[in-house]
Structure formats: C-alpha cells, structure tokens
Visitor: 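Got a structure for you, questions after.
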Amino acid sequence: MYLETFETIRKAIATATGRENPPLTDGGAHADFASTVAFDLAKERKKSPVQIAAEIAETLLQDPALRNIRVSTTGPYINFNTGGDFIRQTLSRAIRPGYGNLPAQPVRIVLEHTSANPNGPLHVGHIRNTIIGDTLARSFRKAGHPVEVQYYVNDMGRQIAIVVWGFTHLDSAPREGEKGDHHVARVYIAANREIERDPGIVAGVDRFMQKVEEGDAETVSLFRTAVSECLDGFRETLARLNARHDRFVWESDFIRNGDTSRVIARLKQQEECHEDGRLWIDLSAAGFEKEYVLRRSDGTTVYAARDLAYHIWKGRNFDRVIDVLGADHKLIGSQLIATLKLLGEQPPEIVHFEFVSLPEGAMSTRAGKFVSADELIDEVTRRAYDEVTARRDDLDEGARRAIARSVAIAAIRYDIVKISPEKSTVFDWEEALDFERQSGPYIQYAHARACSILGKAGDFEPAFSLSMESEIALAKHIAKFPWVLTNSVRDLRPHLIATYARELADLFNVFYQFEPVLKSEGEIRNSRLTLVLATKNTLREALETLGIDALATM
RNA sequence: GGGCUUGUGGCUUAGCCAGGAUAGAGCGCCGGGCUUCUAACCCGGAUGUCGGGGGUUCGAAUCCCUCCAGGCCCGCCA
C-alpha cells in the first residue's frame, strides 16, 4: 500500500507542478510523506517557497486521486497524511501469509558468496560474507527473482597445494572427533611453519600446482580429497547459520572443460594482451597501472584466469551476476570487470564488505589467528541456553536447546547484518553475546509475544478500527515493508531489512506496553488482534528474510 | 608513495549515493515501571564542534576541494 500511495502522490504533484519527477520522501516525524518541490520552483516562479507550497496544496486538494489523503503545508513543506483507508488496506494485506512478496520477476540472478579458500574453517570474517550474501539471496527471492546461490570452490590454488604438501609430508591424521575443516587448518598451519623453516619446500608446492593443472590423476585426487574434507566442514557450519548454497562450483572445472584456455585464446586477440613468458593484460586504458597477470611463466594459470572463465559462464547463463567479496578484492574485482568488458561479456555487480579483525589485530588462517564460526556459534548457543533456562524452567531440555540454537543464530546473524558492509569492525565477544535491544533475539521476542497473544485469543473477525497513536504508528510501519524490501534489493543493502525489523519490534513493544489486546472488547479487540496478526506476519517475513527463525515461544 | 574506504555523544551505530523541517537508535550512566496479553520489555533524564578547515547552495552530516587519523589494496597468492 505504501508503494502505491507513494506513486499516487508523486503523480498528483507532477500534474500539479508540471515537474516530471518531483521530490517526494518519507515524511519522518512530520508526516507520512513530504515534498520539498516548492523550493525547486521558487526561483523560476519568483515567489517564496511558502507561497508556492500553499498554491500547490490548494491544487492537490482538488485532486480526486488524493481524496483519502490529508494534504497540508508547514511553511514550504507539503505534507501528506494517510488515514483509515490506508490502514485498512495495509492490514488486510499484511494478515495474509507471504506479506511483502513482490510480483514475480523474469530477471534470473546468480549470487556468489562466502567462497572461502578450503584451507581452514570459516571464521568470523568469512561469515560476514555469508550473512550478507545469504540475506541478499533471501531478499531477492522475496522480491520475486529466481536466484541461484553459488559457492566458488578455489580447489587448485597455492593454499590448497600447501595443504596437500602437508598431508603428504607431515603427520596429518585427524584427531578424535575433529571436524574436517579444522583438521585441514591444523595441517595447513603446520605446513606453513615448515615452509618458514625451509623455504626449499616451496618448489615441492609448485610441483603440486603444475601437476594438478596438467590433470595428473594422483595429484588431482589428493587435492580433491583435501578440499572435500574441508568443504564438508563448511557445509555443516553454513547449515548451522541457516545459509544455503544451491551449487558448489569447482574452479578446476574451468581448466578441465577448456573454458580457461578459450578465454585466454580470446584475450590474445586483444591488443591489450601481452606475452613475455607470463601472459598479462594491460588495463591502463581503464585506469589500472598494475598488470593483470593471467598465466605464469611456467605455463600454469593464475586465479584471475579461472575467475574470468567462471564469470563468463555465469554471465551467459544468468541475467544478473552478483558477487559478495571482501574489500581486499576491490582491485582484482575492478580488473575482472574491466577485462570482461573488454571481451564484451557481462560483468558482475560486486558487493564489497570491509574487514572484521580481532582486538589483537587482523585474522590469519595461516598463523592460526582467528575465531572460527564454529567456536562462535558454540559459545553463543551456550549463553543462549543459559538465558532460556533462566527464563523458562517450564520447558523441557530439548525445547530449551532448540530455542537456544535459534536464538544464537539470530544473535550472530543480526549482529553482523545490522552493520553497513562498508564499515570495518572489530570482533567483540560482549556484543556477540548481547541479546537485548538492537539484537536478533529482541526481534524474535516481539514475534513470540505476538504469537502468545494470538494463541490465547482464539478465533476473531478481522477489524480495522485503530485510533491510538501506538496502533497507528505500528500499522503505518507495517505498510513500509514492501518498500523497504524494494530499496534493499535495489541498493544491494541487506542491512536495511535489519533496521526495519528492529523498528517494527520497537513499535510493537510500545503498543504491547500500552494497549491491552485480550482484555479489550468488541471492535477494539478484533482490531487489535488484527494488528497483532499483521505484525506477527510482517516480523516473521522480515526475520525469515534475515535468515532468522521466527520462534513462536522463547 | 599511489588507489579505495571509514571518521556522527564515553562505547557501538542509522542517516550520506538521489542536500531540506528539532541529527535518530542501542549500550553504559541517573530515575521510574512486573498480583495486568512472556520484563530478552517499557517510560523519563543527562550526554553531539556529525574528524579539522575551506567552498557550492535559499539550505550541507549529506555535494566539491584540502588537511588529519584509522582500515584495506598496490604478488607470476587467492
């Protein structure tokens, strides 16, 4: 209803002013919608903005399209306020399941996220990628797009060759109950320590890289075994986080199927391509002074070459290609885009996020300096279990454990997604373990409260008579959900959903505090129950978009 | 050194791309509220040179320039 009303008002102002795309914004504290068009017209009409606003408002009052909207002015501002009709239509939509779903779109999206190197467990930096990516994927699906989520498996890089060297040269048996990714990390860290002691080992690592690229069966098998073991660990962690990939795409496939050779052959036709032992692209015309190297002088390809092949494949099979990458990939990402443009292929849209570091400094898998996602989830779950147990001694242990798992993931996902991606952060245990305001559990709690009321209410007839300030504020916020979702996918900014959900919970809690639902009667009771149902649905949809379980009780 | 990016109350942060009406929140602090629909809650209070300076504009946290501080990048790594 918000989107439609916005459009109606925008068109009315356009007609009244002759401006094609007049300014219209959310009215914030002053109104539901507001326009500053009078400022724009002041110069050409040679009148004061205040006078112009009054004249436009006069015209708008005659517009039958705005008969349900109150038009007023405050000085130069033209304000628009909706009424009962808007609330009735909003709530009647919001009490139906799937509220916020936008009409189906034909634009197919491929979204790549996480894609961490399989040389150790996902840590708290990687899962920022996961959570941003998974939330975006969920948002696009809710916005009506077919989405395929991919994990690009870097299964033939130097890091993996080091892991393989470790597996073949060091004592590398897994420990009792050790998860695959943690096992691989242990071997990787040990191998790096050896290399530090004896740099001669690098030659052996190089040989592994050459042999895997040649397709030497035994080497390929060694790589695949190590990578698979790590990936199995990733899958478990990702599942705990409620993040799902539709497909794992193996980098080496683009060597084996010839795509990488083909893209290099195509690039050789370009004048920007240079060969002097190695093969590289001169992107200086696009503003890059660094050479973009695709093939080493020993004939093996560099990551960038395989990535080009991968992106060409994605671009040809999907309408939009979206990658979620760390800020450290900004340069290489721009080079990738520039090169794809050179070839006339579809470049990706890249969502970059800044680094998560530890209080003591940057994380490093190689040095073993990181907080793994598994540790984080375990610790937050423990804490959540204690909380649930303290509050709900009426529930059995199984139920408490299930709630704790959901609460923990809510806390983690929300804590990460609520921050704008361009902000670098320092991991903080205290914040991760906070379940109070501006947290995922806080929003879950509002949902559980709504469920509790509805569970006790029994059947009721939908009604739409709201008059209290807290009721109206809540209903009007519910109306904004589809608009927020639209903005979120348009700008590729999932944290907008996070902010919205929190505000919705805030408004519901205020309503809850001041307006009794079950103890009210007749039309008021039905109206409040309708509002609670609409809130519950909207909270649920928003939480699900954030990958957070909408718990009925907690 | 060059490029990208961030800088908003003690701490964390929204708003910035698409400039407008008293800069929103949370934590922490102070003071209130559970015989009442789940207090993981709510209400009130104190706390701000929106990093500094200059400019554009009727109007700048928002756009431009410059300086300062932090982060990232500048590999025949990924």
Side-chain angles (χ1 to χ4, degrees), chain A residues 21 23 25 27-31 34 36 38-39 42-43 48-49 74-77 79 115-117 119 154 156-162 206 251 277-280 287-291 293-304 306-307 326-332 334 352 354-355 357 362 384 387-388 390-392 407 411 415 418-420 422-426 428 430-431 434-446 448-457 491 493 495-496 498-499 502-503 505-506 508-510 512-520 528 532 553-554:
Chain A
N21 204 355
T25 60
H30 312 283
T36 55
F39 287 110
K43 204 164 271 177
S48 81
T74 305
Y77 301 94
N79 292 329
S115 301
N117 288 332
N119 59 353
N154 305 136
M156 54 184 303
R158 180 166 294 276
Q159 282 88 337
I160 309 313
I162 292 171
D206 286 345
E251 183 180 8
R278 56 195 185 143
L279 180 144
W280 55 280
F288 300 97
E289 41 182 283
K290 277 321 270 194
E291 300 147 358
V293 176
L294 301 181
R295 205 175 59 197
R296 302 182 181 93
S297 45
D298 70 358
T300 58
T301 53
V302 175
Y303 169 85
R306 282 104 65 176
D307 209 22
D328 54 336
H329 284 62
K330 276 187 181 178
L331 177 62
I332 199 97
S334 317
H352 287 288
E354 285 289 340
F355 263 53
S357 57
E387 284 289 324
V388 180
R391 293 158 199 280
R392 299 297 302 272
V407 166
D415 194 45
K418 73 179 179 188
I419 307 293
S420 303
E422 65 271 17
K423 225 111 168 175
S424 57
T425 64
V426 177
D428 181 341
E430 209 170 303
E431 274 171 40
D434 180 12
F435 304 147
E436 296 192 342
R437 292 195 64 163
Q438 300 203 344
S439 78
Y442 168 83
I443 302 165
Q444 287 179 305
Y445 186 69
R449 279 177 145 184
C451 287
S452 175
I453 292 176
L454 292 166
K456 287 175 179 164
D491 299 342
R493 289 172 78 75
H495 85 279
L496 297 178
T499 304
R502 194 212 79 226
E503 289 167 348
D506 286 344
F508 178 70
N509 281 329
V510 172
Y512 182 96
Q513 194 72 25
F514 292 110
E515 311 303 339
V517 177
L518 297 176
K519 286 187 174 169
S520 58
R528 287 183 182 165
V532 173
T553 186
M554 61 189 281

Visitor: Verify, without hydrogens or angle tests, whether K418(A) (side chain) and Q438(A) (backbone) share a donor-acceptor contact under 3.5 angstrom.
Guide: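 Here the side-chain-to-backbone pair exists.
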Visitor: Taking the nucleotide of RNA chain B with the closest heavy atom to each, which residue, E354(A) or R502(A), is nearer the 5' end?
Guide: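 Nearest nucleotide further toward 5': that of E354(A).
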Visitor: Can you give me the closest heavy-atom contact between N154(A) and I160(A), atom names plus distance?
Guide: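 Scanning both residues, the minimum pair turns out to be O-CG1, 3.4 Å.
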Visitor: Give a yes or no on whether a donor-acceptor pair under 3.5 Å exists between the nucleobase atoms of A18(B), that is its base, and the side chain of N21(A).
Guide: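 No.
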Visitor: Which nucleotide, if any, forms a Watson-Crick or G-U wobble pair with G1(B), using both distances under 3.5 Å?
Guide: C74(B)
Visitor: Report, one pair per line, the protein and nucleotides 57-65 of chain B atoms (nitrogen or oxygen only) whose separation is under 3.5 Å.
Guide:
unit_1: C58(B); atom_1: OP1; unit_2: K43(A); atom_2: NZ; d: 3.0

Visitor: Looking at G15(B), I'd like to know if its phosphate oxygens (OP1 or OP2) sit under 4.0 Å from a side-chain N or O belonging to H495(A).
Guide: yes
Visitor: When all nucleic acid strands are considered with a 4.0 Å heavy-atom cut-off, which category describes A448(A): base, sugar-phosphate, or nothing?
Guide: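 Since a base atom lies under 4.0 Å of A448(A), the category is base.
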Visitor: Find the distance K330(A):NZ to G3(B):P and express it as a whole number of Å.
Guide: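 Roughly 15 Å, once rounded to whole Å.
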Visitor: Between protein and nucleotides 33-37 of chain B, what N or O pairs are separated by less than 3.5 Å?
Guide:
unit_1: U36(B); atom_1: O2'; unit_2: K519(A); atom_2: NZ; d: 2.8
unit_1: C37(B); atom_1: O3'; unit_2: K456(A); atom_2: NZ; d: 3.0
unit_1: C37(B); atom_1: O2; unit_2: V517(A); atom_2: N; d: 3.3
unit_1: C37(B); atom_1: O2; unit_2: L518(A); atom_2: N; d: 3.1
unit_1: C37(B); atom_1: N3; unit_2: V517(A); atom_2: N; d: 3.1
unit_1: C37(B); atom_1: N4; unit_2: Y512(A); atom_2: O; d: 2.3
unit_1: C37(B); atom_1: N4; unit_2: E515(A); atom_2: O; d: 3.0

Visitor: Distance between the C1' atoms of G10(B) and G48(B), in whole angstroms?
Guide: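 Between the two C1' atoms, the distance is 12 Å.
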Visitor: What's the spacing between T301(A) OG1 and R306(A) CZ if we round to 0.5 Å?
Guide: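 Atom-to-atom, T301(A):OG1 and R306(A):CZ are 4.0 Å apart.
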Visitor: Hey, does the side chain of S420(A) reach the backbone of K423(A) with a donor-acceptor pair shorter than 3.5 angstrom?
Guide: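 Not a single qualifying donor-acceptor pair exists.
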Visitor: A78(B) phosphate, OP1 or OP2: any side-chain N/O from R306(A) under 4.0 angstrom?
Guide: yes
Visitor: Looking at every non-hydrogen atom in both residues, tell me the closest pair between P76(A) and P49(A) and how far apart they are.
Guide: CB-CB, 3.7 Å
Visitor: Under 3.5 Å, side chain of R296(A) to main-chain N/O of V302(A), donor-acceptor pair present?
Guide: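 Side chain of R296(A) to backbone of V302(A), a donor-acceptor pair under 3.5 Å: no, none is there.
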Visitor: How far, in whole Å, is G2(B) from U8(B) if one measures between their C1' atoms?
Guide: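 Between the two C1' atoms, the distance is 29 Å.
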Visitor: Hunt down the Watson-Crick or G-U wobble partner of G44(B), both distances under 3.5 Å, from any strand shown, or write none.
Guide: C30(B)
Visitor: Using whole Å, what does the distance between atom C1' of nucleotide G71(B) and atom NE2 of H352(A) come to?
Guide: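 Checked: the NE2 to C1' distance equals 15 Å.
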Visitor: Would one find a side-chain N or O of K423(A) under 4.0 angstrom from OP1 or OP2 of A14(B)?
Guide: yes
Visitor: Distance check, C1' atoms only: U13(B) and G54(B), in whole angstrom units.
Guide: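 Rounded to whole Å, the distance is 29 Å.
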Visitor: What heavy-atom pair brings D434(A) and S439(A) nearest, and what distance separates the two atoms?
Guide: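 Reported closest heavy-atom pair: O-CB, 3.7 Å.
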Visitor: Using the P atom on both, measure A60(B) against G55(B) and round to a whole Å.
Guide: 12 Å
Visitor: Rounding to a whole Å, what distance do you find between D415(A):CG and U13(B):C1'?
Guide: 11 Å
Visitor: For A457(A), report the nucleic acid contact type (base, sugar-phosphate, nothing); a contact means any heavy atom under 4.0 Å.
Guide: nothing
Visitor: Taking only the P atom of each, what is the distance from G1(B) to A61(B) in whole angstrom?
Guide: 31 Å
Visitor: Contact class for D491(A) vs. all strands (heavy atom < 4.0 Å): base, sugar-phosphate, or nothing?
Guide: base
Visitor: Taking C-beta and beyond as the side chain, do D298(A) and D206(A) meet within less than 4.5 Å on heavy atoms?
Guide: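 When only atoms from C-beta onward are counted, D206(A) and D298(A) do not touch, as no gap falls below 4.5 Å.
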Visitor: How many whole angstroms separate atom CD1 of I419(A) from atom P of G15(B)?
Guide: 10 Å
Visitor: Could you state the atom-to-atom distance from CG of L294(A) to P of G75(B) in whole Å?
Guide: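 Going from CG in L294(A) over to P in G75(B) covers 15 Å.
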Visitor: Using only atom types and a distance under 3.5 Å, with no angle test, would you say the side chain of S452(A) pairs donor to acceptor with the backbone of A448(A)?
Guide: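 No, the answer is negative, given that no donor and acceptor are paired below the 3.5 Å cut-off.
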Visitor: Look at all strands and tell whether S420(A) reaches a base, only sugar-phosphate, or nothing, counting heavy atoms closer than 4.0 Å.
Guide: sugar-phosphate
Visitor: Give a yes/no answer on whether the side chain of R158(A) brings an N or O atom under 4.0 Å of OP1 or OP2 in G75(B).
Guide: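 No.
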Visitor: Would M554(A) and V407(A) satisfy side-chain contact (heavy atoms from CB on, under 4.5 Å), going step by step from the backbone distance to the final call?
Guide: CA-CA 9 Å; M554(A) 61 189 281; V407(A) 166; 4.0 Å; yes
Visitor: Atom CD1 of I332(A) to atom P of C72(B): distance rounded to whole Å?
Guide: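 Atom CD1 in I332(A) sits about 18 Å away from atom P in C72(B).
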Visitor: Rounded to whole angstrom, note down the P distance from C73(B) over to G51(B).
Guide: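 C73(B) and G51(B) have their P atoms separated by 25 Å.
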Visitor: Calculate the interatomic distance between R295(A) atom CZ and C76(B) atom C1'; express it in whole Å.
Guide: 11 Å
Visitor: Report the nucleotide, chosen from C41(B), A78(B), C43(B), that has the shortest atom-to-atom distance to any side-chain atom of Y442(A).
Guide: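 Shortest atom-to-atom distance from the side chain points to C41(B).
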Visitor: Could you say whether K290(A) or V388(A) is positioned toward the 5' end of RNA chain B, judged by the nucleotide with the nearest heavy atom to each?
Guide: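 Between the two, 5'-proximity favours V388(A).
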Visitor: For G32(B) and U49(B), measure between their P atoms and round to the nearest Å.
Guide: 29 Å
Visitor: Please tell me which of the listed nucleotides, A78(B), C73(B), C17(B), lies nearest to the side chain of L331(A)?
Guide: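 Nearest listed nucleotide: C73(B).
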Visitor: Would you name the heavy atoms of A505(A) and A446(A) that are closest together and state the gap between them?
Guide: CB-CB, 3.8 Å
Visitor: Taking the six-membered ring of F508(A), is the NZ or CZ of R449(A) close enough (under 6.0 Å from the centre) and on axis enough (within 45°)?
Guide: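 Here R449(A) fails the 6.0 Å and 45° test against F508(A).
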Visitor: Would you indicate, yes or no, if C76(B) has its OP1 or OP2 atom less than 4.0 angstrom from a side-chain nitrogen or oxygen of R296(A)?
Guide: no
Visitor: Taking only the side-chain heavy atoms of Q438(A) (C-beta and beyond), determine which of G26(B), C73(B), C77(B) contains the nearest atom.
Guide: G26(B)
Visitor: Give R278(A) one of three labels, base, sugar-phosphate or nothing, depending on what nucleic acid heavy atoms sit under 4.0 Å from its own.
Guide: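 If one applies the 4.0 Å heavy-atom cut-off, R278(A) turns out to touch a base.
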Visitor: May I ask you to verify whether the side chain of N79(A) and the base of A21(B) hold a donor-acceptor pair under 3.5 Å?
Guide: yes
Visitor: Looking only at heavy atoms, which two atoms of V293(A) and W280(A) are closest? And how far apart?
Guide: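 Heavy atoms of V293(A) and W280(A) come nearest at CA-CB, 3.8 Å.
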Visitor: Roughly how far apart, to the nearest Å, are U6(B) and G15(B) at atom C1'?
Guide: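 After rounding to an integer number of Å, I get 15 Å for this pair.
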Visitor: Could you tell me which nucleotide pairs with G7(B) by Watson-Crick or G-U wobble geometry, both distances under 3.5 Å, or answer none if nothing does?
Guide: C68(B)
Visitor: To the nearest Å, how far apart are D434(A) CG and A25(B) P?
Guide: 18 Å
